[in-house]
Colleague: 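Once you've had a glance at the structure underneath, I'll fire off some questions.
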Amino acid sequence: MALVKIPLNTQYLSLYIEHDKGMVFHHIKQSLYQLPAVSIAFLLAIDEGLTEQRALNEVSTQSNLSEDQIISFYQTVKELFTTAKDELNYLDGRYPELNNVLDGDNHQPLPKATTYQVANSSFAISCQCSQLMSLIQDELSPCAKTLDNVDFQIEIDIQNHAQIETQIEAQSESQSETQVEPKGNNLFCIYSNDQLFAAKLKFDQVLPLIIDRLQILAFQKSDYYFCFHGAAIHTTKGTLLLPGKSGAGKSTLSAALANLKTNETPNQLYSDEIIAFDQHFNLITLTLPIAVKSGSWQVLEQHYPELNNVHVWHRQDGRLLKYVWPKHFAVPPEPLEPSEPSHQLASIEQQNANKFVLVNPNYQNAPQAPNNHKALINQNRLNKFAERASINPNAQAETLSVIDTIAMLTDGGYQLGVELTEEKLDLLISFITKIKCCKLSYDSTETALSLLESLWPKQ
Amino acid sequence: MDNNNQPLSKIDASNTTNVKLNDTELKATELNEAQQTRRDFMTKYGKLAAVTPVALTALMSPKTSAAPKSCKPQQGNKHCDGTAGFTGFE
């Protein structure tokens with residue numbers, strides 16, 4: 001059953017139904033909710049003006065569930081029927097440095113800063129530690145650009161040891177648990193346009209946070225409508241979107257794909273972390289390196305031999321990272337003139353560029369070899385098991401409904417650059433309805449790449 | 001269906017004696033059809049109803065909109081450090 005919109009009596013609610021699930025958009029709260037079947041039934045009942053008792057009685061009769069089992073659903077749905085507005089809107093809480101706009105001479109890069117351009121945002125990065133600055137310059141050199149003025153000044157300062165120890169002593173008096181910092185190592189803090197955004201960082205923790213910050217700030221300035229956590233790669237067959245939570249396999253797949261060709265033409269990366277669409281569903285390119293977690297170093301070495309030599313960085317949760325640069329970044333299409341119809345595209349390749357396939361990666365570790373309890377593992381048995389694992393029936397693509405796709409996209413992390421209205425929501429729904437959406441379960445990058453090939457619409 | 005739950009008559013284009021519906025009657029017909037659609041769906045989803053863990057899940061709201069790599073609580077990003085002094089991407 002395709003997604004259908006059900007007209008309601010309640011003007012500030014819009015209901016969408018697909019199979020046994022539903023979504024309701026609250027126009028005043030600018031919020032979208034997912035509903036199971038029982039909540040849909042109650043929403044329709046309340047919208048029709050049924051009393052609580054009658055609604056409970058009817059749904060109970062139809063579902064064979066007791067009123068006690070379903071009354072909480074009724075009460076929750078009933079709370080939607082309010083015209084009270086929430087305090088926040090989508091444009092609140094933007095990154096503080098966006099409100100701390102540089103003016104006058106502050107636009108000029110600080111002495112000894114290196115300047116960078118990412119999308120249509122510019123950055124000057126300076127650091128009190130020359131060794132760290134040298135490493136940062138090496139890692140970010142492909143996006144370095146000589147600039148006289150910048151949007152953001154990123155300053156990496158060495159935190160004062162005496163101050164840190166005083167802070168720790170003050171913390172230990174008020175809290176039962178205290179993190180004791182290792183002595184003898186510098187700790188760093190990072191400012192963006194004079195706003196402190198990270199502190200007490202070890203040497204190897206700095207660059208990952210810098211790159212994360214650049215990724216976020218770079219698209220904030222654009223005219224994006226929707227932003228989701230994930231990778232996007234342009235190929236001659238179309239654009240592949242890989243949304244999903246951290247650790248799902250996006251960066252590994254996108255790194256592998258970015259190094260491959262389709263129809264003898266190199267694939268091009270938009271970003272390995274940020275899928276940011278404008279109102280025409282054009283993607284924004286963020287020229288920043290791909291973060292490769294330690295579990296994927298061996299897999300990706302065939303594509304990126306430099307993985308053997310680059311610096312190992314640390315996430316604050318202890319995960320290890322290395323950074324690699326794809327060979328090619330996607331060049332966004334020229335913006336359409338207002339009078340130019342969108343169907344007048346120059347070539348078939350341009351037309352293909354508008355085709356999307358959305359794949360939610362679900363990497364699952366290959367089944368472990370059976371434990372033989374005693375010392376040596378039987379290599380023959382291990383090989384046979386590995387062979388069976390490579391044809392694991394779980395390596396498959398499962399089609400996602402529109403509602404499941406939206407739930408997956410938002411669960412992985414999202415940001416809206418505009419206030420959410422019914423019109424904008426319908427724009428997103430219309431886009432998702434037109435493209436292929438699936439969840440890809442796999443146990444190796446090679447399996448995933450060959451499955452991805454089969455997902456493109458036949459020409 | 002009309003207000004008496006009787007099926008609406010099909011309009012026979014060849015029968016020139018059919019009376020054309022005016023705008024008010026057309027709107028009333030559409031409203032009745034919409035009402036019946038809602039009732040049909042209410043019955044359908046009542047039958048499909050099963051107890052699920054959550055009655056309502058917020059998918060998008062101003063409270064949960066935040067850059068994907070930021071340190072908002074609901075994102076559960078592992079790299080975020082909750083210790084004092086770390087402002088994260090707030």
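Proteins get letters first, then strands, A, B, ... in listed order; numbering begins at 1 in each.
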Colleague: Atom CZ of B:Arg39 and atom CD of A:Glu58: how far apart are they, to the nearest 0.5 Å?
Modeller: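 That separation rounds to 9.0 Å.
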
Colleague: Using a cut-off of under 4.5 Å on heavy-atom pairs, state which of A:Glu79, A:His19, A:Glu419 scores highest against chain B.
Modeller: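 Of the candidates given, the most pairs with chain B belong to A:His19.
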
Colleague: Counting distance only, does the side-chain N/O of A:Ser39 pair as donor-acceptor with the main-chain N or O of B:Ala55 below 3.5 Å?
Modeller: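 Between the backbone of B:Ala55 and the side chain of A:Ser39 there is a qualifying donor-acceptor contact (under 3.5 Å).
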
Colleague: With rounding to the nearest 0.5 Å, note down the distance linking OH in A:Tyr414 to OG1 in B:Thr64.
Modeller: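 One gets 2.5 Å once the value is rounded to the nearest 0.5 Å.
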
Colleague: Which residues in residues 59-66 of chain A have any heavy atom lying under 4.5 Å from a heavy atom of chain B?
Modeller: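 Counting heavy atoms that sit under 4.5 Å from chain B, the residues of residues 59-66 of chain A involved are A:Val59, A:Gln62, A:Ser63, A:Leu65.
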
Colleague: Is it true that A:Tyr33 and B:Ser61 share a donor-acceptor pair across their side chains at a distance under 3.5 Å?
Modeller: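 There is no such pair between these side chains.
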
Colleague: Just to verify, what does A:Lys5 make a side-chain contact (heavy atoms from CB on, under 4.5 Å) with, not counting sequence neighbours?
Modeller: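 Checked A:Lys5 against side-chain contact (heavy atoms from CB on, under 4.5 Å); matches are A:Ser14, A:Tyr16, A:Glu422, A:Asp426.
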
Colleague: Under the side chain to side chain donor-acceptor pair (under 3.5 Å) test, which residues partner A:Ser31, sequence neighbours left out?
Modeller: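 Side chain to side chain donor-acceptor pair (under 3.5 Å) list for A:Ser31, sorted by chain: empty.
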
Colleague: By the salt bridge (charged side-chain N to carboxylate O under 4.0 Å, His left out) test, which pairs, at least two apart or in different chains, include something from residues 16-34 of chain A?
Modeller: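 Every pair satisfying salt bridge (charged side-chain N to carboxylate O under 4.0 Å, His left out) with a residue in residues 16-34 of chain A: A:Lys21-A:Asp404, A:Lys29-A:Asp86.
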
Colleague: Would you indicate whether the side-chain heavy atoms of B:Tyr45 and A:Leu35 approach each other to under 4.5 Å?
Modeller: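 Side chain of A:Leu35 against side chain of B:Tyr45, heavy atoms only: no contact under 4.5 Å found.
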
Colleague: Please rank A:Leu8, A:Asn9, A:Ile274, A:Val77 by heavy-atom pairs under 4.5 Å with chain B and give me the top one.
Modeller: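 Result: the option with the highest number of such pairs is A:Asn9.
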
Colleague: Is B:Ser65 reaching over with its side chain to a backbone N or O of A:Leu416, donor-acceptor style, under 3.5 angstrom?
Modeller: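 At least one qualifying donor-acceptor pair exists.
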
Colleague: As an exercise, state the distance from CZ of B:Arg38 to CG of A:Leu43, rounded to the nearest 0.5 Å.
Modeller: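 CG of A:Leu43 is found 11.0 Å from CZ of B:Arg38.
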
